[in-house]
Amino acid sequence: MDLSAYDREELKWYRKALYHHLTFVYSKEIFNYETQQFEVERLLEEGQAFGGYDILVLWFVYPRLGVDSRKQWDFCRDIPGGLEGINEICRQAHKKGVRVMLPYNPWDKGEGEALEDTLEKIGELVEKTEIDGIWFDTMDSVPPGCQERIEQIRPGVICCLEVTPKVKETVEKITGSWNQRFRMPEGHIFRYLFPEHAAPITSRWRVGEKKDLLIKRAIFNGTGFAVWQDIFGAWLPFSSRQKADLKKWKRLLLENYDVYFGKDCMPLYPVLQKEIYVNVFFKDNEEEEIYSIYNASGQEVSGPLFYLDEKEEKNQKIVLEELWHEGKAEFSMKNEIISGKLEPEMIYILKVYRRKNG
């Protein structure tokens with residue numbers, strides 16, 4: 001496969017845009033109904049509790065569609081300020097180092113709207129606004145010729161799919177999508193085949209403890225996160241503790257970015273006890289690796305857990321560090337076997353440093 005698109009200089013920023021925010025523009029998260037103004041700075045400041053947003057996906061269409069004959073292109077201009085209002089949101093976000101995307105809804109087409117009409121409308125948005133990307137709602141690919149049209153107008157504007165791409169050509173061209181799976185300890189094989197493909201985790205309708213599982217799933221699989229609290233008017237917030245967990249996770253993900261997004265990673269690593277699940281991530285220079293460990297048994301598990309991954313280099317000093325519980329978790333190694341004590345339904349991040357002796 002030709003994955004050279006992932007290394008294009010003008011698209012590299014996207015790979016570290018780890019936290020997205022679905023921004024319903026008529027939500028009080030961003031819109032002040034008294035002043036009729038978008039308060040981007042307030043939204044981004046409140047987002048620091050999550051660790052900070054890297055991308056805002058502006059949503060202004062659904063559920064208003066169908067009230068009358070207006071289409072998505074009309075709603076772009078109907079928000080306060082119209083296209084210039086979108087530009088003002090972009091400028092305020094860009095001052096804080098945050099990118100902005102607009103959605104495209106393939107199911108909202110005017111009567112007789114052809115592919116060329118769609119490409120022209122999307123191209124017009126890219127040309128007349130300062131957006132950084134298009135978010136393709138419900139889609140696992142982009143309309144034929146769309147990405148080429150965008151790049152002709154302004155290189156560096158990215159395409160993000162809501163659904164994981166399914167064919168080779170799309171994986172090669174489109175460098176990001178959303179991962180909306182939920183269950184633990186489920187893994188998404190696409191993440192391990194293509195670690196360079198940006199795919200934050202989200203699941204819009206989860207509340208309470210199910211949001212905790214969603215956060216654990218991001219940690220377990222080494223992914224970014226898409227924060228979505230206002231689901232078109234349904235307010236499903238994260239708790240203060242959940243926000244703190246996401247902030248901590250983003251910090252660890254950035255600090256260990258070269259490990260989590262190295263070219264080699266392995267889901268469902270072999271283990272020595274039932275209902276223990278491990279994913280492993282390797283830094284390309286093989287000096288560091290991270291084992292994501294999850295105890296799904298419902299009870300405490302202790303003793304041997306798994307063998308350390310074998311390396312050809314034997315003259316090494318091995319150092320273990322548990323990152324999520326900040327030294328409070330118990331792990332040890334003997335004869336290449338990692339042992340420890342795992343609390344039920346808990347996630348652990350075991351980092352292994354390999355240093356040459358002498």
Distance only, no hydrogens: is a donor on one side chain within 3.5 Å (strictly under) of an acceptor on the other, for [X] and [Y]?
X: Glu345; Y: Tyr294; answer: yes
X: Thr23; Y: Glu29; answer: no
X: Trp135; Y: His20; answer: no
X: Asp137; Y: Trp59; answer: no
X: Glu289; Y: Tyr291; answer: yes

Lys/Arg N to Asp/Glu carboxylate O, [X] vs [Y], below 4.0 Å:
X: Arg149; Y: Glu116; result: yes
X: Arg204; Y: Glu162; result: yes
X: Lys216; Y: Asp212; result: no
X: Glu172; Y: Lys168; result: yes
X: Arg154; Y: Asp132; result: no
X: Asp7; Y: Arg15; result: yes
X: Arg355; Y: Glu288; result: yes

What heavy-atom pair brings [X] and [Y] nearest, and what distance separates the two atoms?
X: Asp140; Y: Thr170; value: O-CG2, 3.4 Å
X: Leu161; Y: Val142; value: CD2-CG1, 3.9 Å
X: Pro270; Y: Phe306; value: O-CB, 3.5 Å
X: Ala93; Y: Val100; value: CB-CG2, 3.7 Å
X: Val171; Y: Tyr6; value: O-OH, 2.6 Å
X: Leu308; Y: Met333; value: CD2-SD, 3.6 Å

Would you call the rings of [X] and [Y] parallel, tilted or perpendicular if under 30° counts as parallel and over 60° as perpendicular?
X: Trp73; Y: Tyr104; answer: parallel
X: Phe232; Y: Trp228; answer: perpendicular
X: His197; Y: Phe190; answer: perpendicular
X: Phe331; Y: Tyr348; answer: perpendicular
X: Phe31; Y: Phe38; answer: tilted

So [Y] and [X], do their side chains get closer than 4.5 Å, heavy atoms only?
X: Lys341; Y: Glu343; value: yes
X: Lys210; Y: Leu214; value: no
X: Phe136; Y: Cys160; value: no
X: Glu300; Y: Leu342; value: no
X: Glu196; Y: Leu3; value: yes
X: Asn87; Y: Arg91; value: yes
X: Arg64; Y: Phe75; value: yes
X: Gln229; Y: Phe50; value: yes

task = Kindly indicate whether a cation-pi arrangement holds for Arg217 with Tyr277, taking the cut-offs as under 6.0 Å to the six-membered ring centre and within 45° of the axis.
result = no
task = Please say whether the positively charged group of Lys211, taken as NZ for Lys or CZ for Arg, lies over the ring of Phe238, i.e. under 6.0 angstrom from the six-membered ring centre and within 45 degrees of the axis.
result = yes
task = Determine the sole option in Arg42, Gln37, Glu39 for which the side chain to side chain donor-acceptor pair (under 3.5 Å) test with Asn32 is passed.
result =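 Exactly one candidate clears the test, Glu39.
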request  = Evaluate the side-chain hydrogen bond (donor to acceptor under 3.5 Å, both in side chains) criterion for residues Asn221 and Thr223: first the C-alpha distance (whole Å), next the side-chain angles of each, then the deciding distance (0.1 Å), finally the verdict.
outcome  = CA-CA 6 Å; Asn221 289 285; Thr223 72; over 6 Å; no
key: Co-membership, hydrophobic cluster, residues Val259 and Tyr353, 4.5 Å side-chain   = no
key: Worked check of side-chain hydrogen bond (donor to acceptor under 3.5 Å, both in side chains) between Ser292 and Asn279   = CA-CA 5 Å; Ser292 292; Asn279 298 328; 5.6 Å; no
